[in-house]
*Asks:* 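Input: one structure, supplied below.
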Amino acid sequence: MRAAVLSKANQVDIRDFPEPSKTQDNEVIAKVEFVGVCKTDQQLTAAGLDKDCILGHEVVCSLPNQKGHFALNNEISCGKCSYCLEGLTSHCINLQELGVNEHGGYAEQICAPINSLHPFEFSNPSLGVLIEPLSCAVRGVKRILAGVNILATSRPKVLVIGGGISGTLITYLLNHSPNFKGEIKVYDITKEPLPWLNKLGIERIEVPEPNQAHVVVECSGSPGGLATALDLVRKGGLVCIYGVPKQGISLPISPHELFMREIAVVTSFAGATDETIAAAIASIKGDEAFFEQLLGRFIPLEKLPIELTNWSPQPGTRTVVDLDA
Ligand SMILES: [Zn+2]
Ligand SMILES: [Zn+2]
C-alpha cells in the first residue's frame, strides 16, 4: 500500500509499504479516508524516531461492509494499569499511540482495535479529522473549569493566547460551556485574520495588558506564549498550559514569584476517551458550519512530506490529507 513513512529526522518518504495485518482478535483493518495534519506530526518529523513509522493520528476511516465513517481514538490504552483504572488512559503505562509511536493514518490502510473506532455522521465526513483534537480540548476545558473553582471570582476574565486550532477549539468549548460564566478574549502574536472570532462574538486583543485576566490559557505552544501567560495573569489567577511546550525549556518564572503571586498552573495532555470523543462528535454535529471554516487545504498523500518539512498551514486551519485525492 502507499504510505508516508518517517525514517529519520526530516525524512518522510512516500513508499510502497506492507499492508497491515491483525495481530489480535479485536483489531480491524480500516481504509483511511482523511487525516488532519497536526503540529505534533511536524514536531515528530523534525525530531525523528528510532524506527520507521507512519505518522497521522487525526484519522477518519471506513470499514469494509459497513456504512459511514469512523474517527480513530489513537490512544490505545491497556485498561488494566493503575492509571487506566483511574480513567487516566492518556497516562497508561502500556500506552500505544497510533501515528506517534505506532503506525498511524498516513497510509491507505490502518490496523486498529475495533473499539477505538467511533462512528459519526456529518454532512462533510472530512470534518471528522477535528474529532481527535476537539476531544483533547474537551478534556482541557474540563481541567480549566476545575481550576476556575479555586479562583476568588466565579466570573473570570479569560485570555486565550494563540489563535491556531488549539486556541480555537478551547475558546469554542469554553464559550459554549454552560458551566462557564466569565468572559473570553483572544490574543495572537501574528496579524493574521481570525475570522472564527467574529462568528463567536469574541474580542481579539492586539496588545494584552497585565493584571486583567484571571485565567490565561496558553495555546500557542511557544516559549514566548508561556512567558506572556505568566506575566499577564492576575495575582491569585490560573495559567493553563495547553499548547505542547517544547522539550528542554524551563518554566519562565521563579518559584518565589509563582508563590508570591499565588498563581495556579494546570496542564492538559491529550485525553481522547470514549466520553471526550462522544462530546466532540456532538459538538461538531451541532455546528458543522462553524467547524467547516477550520478545514484548510486538502492535499494528496504525495504532498505530505513537503507539508511536514515546510510547515505553513493556512492560519487557524487544519490541512487535511485526502487519501483518495
Ligand atoms: Zn494532533
Ligand atoms: Zn493502562
Side-chain angles (χ1 to χ4, degrees), residues 5-9 20-30 35-36 38-59 61 70-107 110-118 131-147 166 169-170 218 221 226 240-251 264-280:
V5 185
L6 173 66
S7 51
K8 59 181 188 209
S21 51
K22 297 195 281 180
T23 55
Q24 297 190 43
D25 284 346
N26 67 341
E27 290 175 337
V28 288
I29 307 295
V35 188
C38 178
K39 188 93 192 279
T40 300
D41 300 332
Q42 185 258 334
Q43 289 170 342
L44 289 169
T45 299
L49 292 168
D50 52 10
K51 59 176 182 183
D52 281 4
C53 191
I54 299 170
L55 302 180
H57 58 272
E58 301 177 357
V59 180
C61 54
F70 297 79
L72 170 73
N73 179 354
N74 77 305
E75 298 178 28
I76 313 298
S77 52
C78 75
K80 296 186 181 115
C81 73
S82 67
Y83 288 105
C84 282
L85 293 177
E86 290 179 1
L88 286 171
T89 48
S90 298
H91 296 288
C92 171
I93 59 171
N94 302 306
L95 188 67
Q96 292 180 298
E97 292 179 272
L98 306 189
V100 177
N101 56 23
E102 299 290 336
H103 292 318
Y106 290 136
I110 186 171
C111 176
I114 184 70
N115 62 3
S116 69
L117 298 180
H118 297 261
I131 292 171
E132 191 274 342
L134 188 58
S135 71
C136 296
V138 168
R139 174 170 161 79
V141 165
K142 190 175 166 197
R143 289 171 69 80
I144 292 165
L145 290 174
S166 296
L169 299 180
I170 288 284
E218 203 309 289
L226 189 50
C240 175
I241 305 175
Y242 187 74
V244 182
K246 285 202 176 70
Q247 280 188 35
I249 284 169
S250 304
L251 211 55
V265 176
V266 64
T267 60
S268 184
F269 161 70
T273 64
D274 290 354
E275 291 73 34
T276 60
I277 285 192

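Count residues from 1 along the sequence.
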*Asks:* To the nearest 0.5 angstrom, please state how far the SG atom of Cys240 sits from the CZ atom of Arg143.
*Replies:* 8.0 Å
*Asks:* Look up atom CG in Asp52 and atom CG in Leu49, then write down how far apart they are to the nearest 0.5 Å.
*Replies:* 9.5 Å
*Asks:* Residues two or more places apart in sequence or in another chain: which of them pass salt bridge (charged side-chain N to carboxylate O under 4.0 Å, His left out) with Asp274?
*Replies:* none
*Asks:* Would you name the heavy atoms of Cys78 and Asn94 that are closest together and state the gap between them?
*Replies:* SG-ND2, 3.4 Å
*Asks:* Could you tell me if the side chain of Glu132 sits less than 4.5 Å from the side chain of Asn74, heavy atoms only?
*Replies:* yes
*Asks:* Out of curiosity, Cys136 SG to Leu169 CG, how far, rounded to the nearest 0.5 Å?
*Replies:* 9.5 Å
*Asks:* When you compare the side chain of His57 with that of Cys38, does any pair of heavy atoms fall below 4.5 Å?
*Replies:* yes
*Asks:* Is the closest side-chain heavy-atom distance between Leu55 and Val100 below 4.5 Å?
*Replies:* no
*Asks:* For Ala280 and Val138, which heavy atoms make the closest approach, and how far apart are they?
*Replies:* N-CG2, 4.4 Å
*Asks:* Are any side-chain N or O atoms of His118 and backbone N or O atoms of Ala71, one a donor and one an acceptor, separated by less than 3.5 Å?
*Replies:* no
*Asks:* Might you point out which heavy atoms bring Gly271 and Thr276 nearest each other, and give the distance in Å?
*Replies:* O-OG1, 2.8 Å
*Asks:* Give me the atom names and distance for the closest heavy-atom approach of Ala30 to Leu117.
*Replies:* CB-CD1, 4.4 Å
*Asks:* With a 4.5 Å cut-off on side-chain heavy atoms, are Lys39 and Val244 touching?
*Replies:* no
*Asks:* Should Leu95 and Ile76 be marked as a side chain to side chain contact (heavy atoms under 4.5 Å, CB included) after you check the CA-CA gap, both sets of side-chain angles, and the distance that decides it?
*Replies:* CA-CA 6 Å; Leu95 188 67; Ile76 313 298; 5.8 Å; no
*Asks:* In Å, rounded to the nearest 0.5 Å, how long is the span from CG of Asp50 to CG of Asn101?
*Replies:* 9.5 Å
*Asks:* Under the criterion side chain to side chain contact (heavy atoms under 4.5 Å, CB included), I'd like the reasoning laid out for His91 against Glu75: C-alpha separation, chi angles, the key distance, then a yes or no.
*Replies:* CA-CA 10 Å; His91 296 288; Glu75 298 178 28; over 6 Å; no
*Asks:* Of the non-hydrogen atoms in Leu72 and Ala112, which two are nearest, and what is the gap between them?
*Replies:* CD1-CB, 3.8 Å
*Asks:* State, yes or no, whether a side-chain contact exists between Glu58 and Pro133 at a heavy-atom distance under 4.5 Å.
*Replies:* yes
*Asks:* Do Val59 and Leu98 make a side-chain contact, defined as non-hydrogen atoms from C-beta onward lying under 4.5 Å apart?
*Replies:* no
*Asks:* Hey, could you give me the CG/CG distance between Asn26 and Asn115, rounded to the nearest 0.5 Å?
*Replies:* 6.5 Å
*Asks:* Could you tell me the separation between the CD1 atom of Ile249 and the CG atom of Leu226, rounded to the nearest 0.5 Å?
*Replies:* 8.5 Å
*Asks:* Would you say Asp41 and Tyr106 make side-chain contact, with heavy atoms under 4.5 Å?
*Replies:* yes
*Asks:* Indicate the atoms forming the closest heavy-atom contact of Cys84 with Ser77, along with that distance.
*Replies:* SG-CB, 3.7 Å
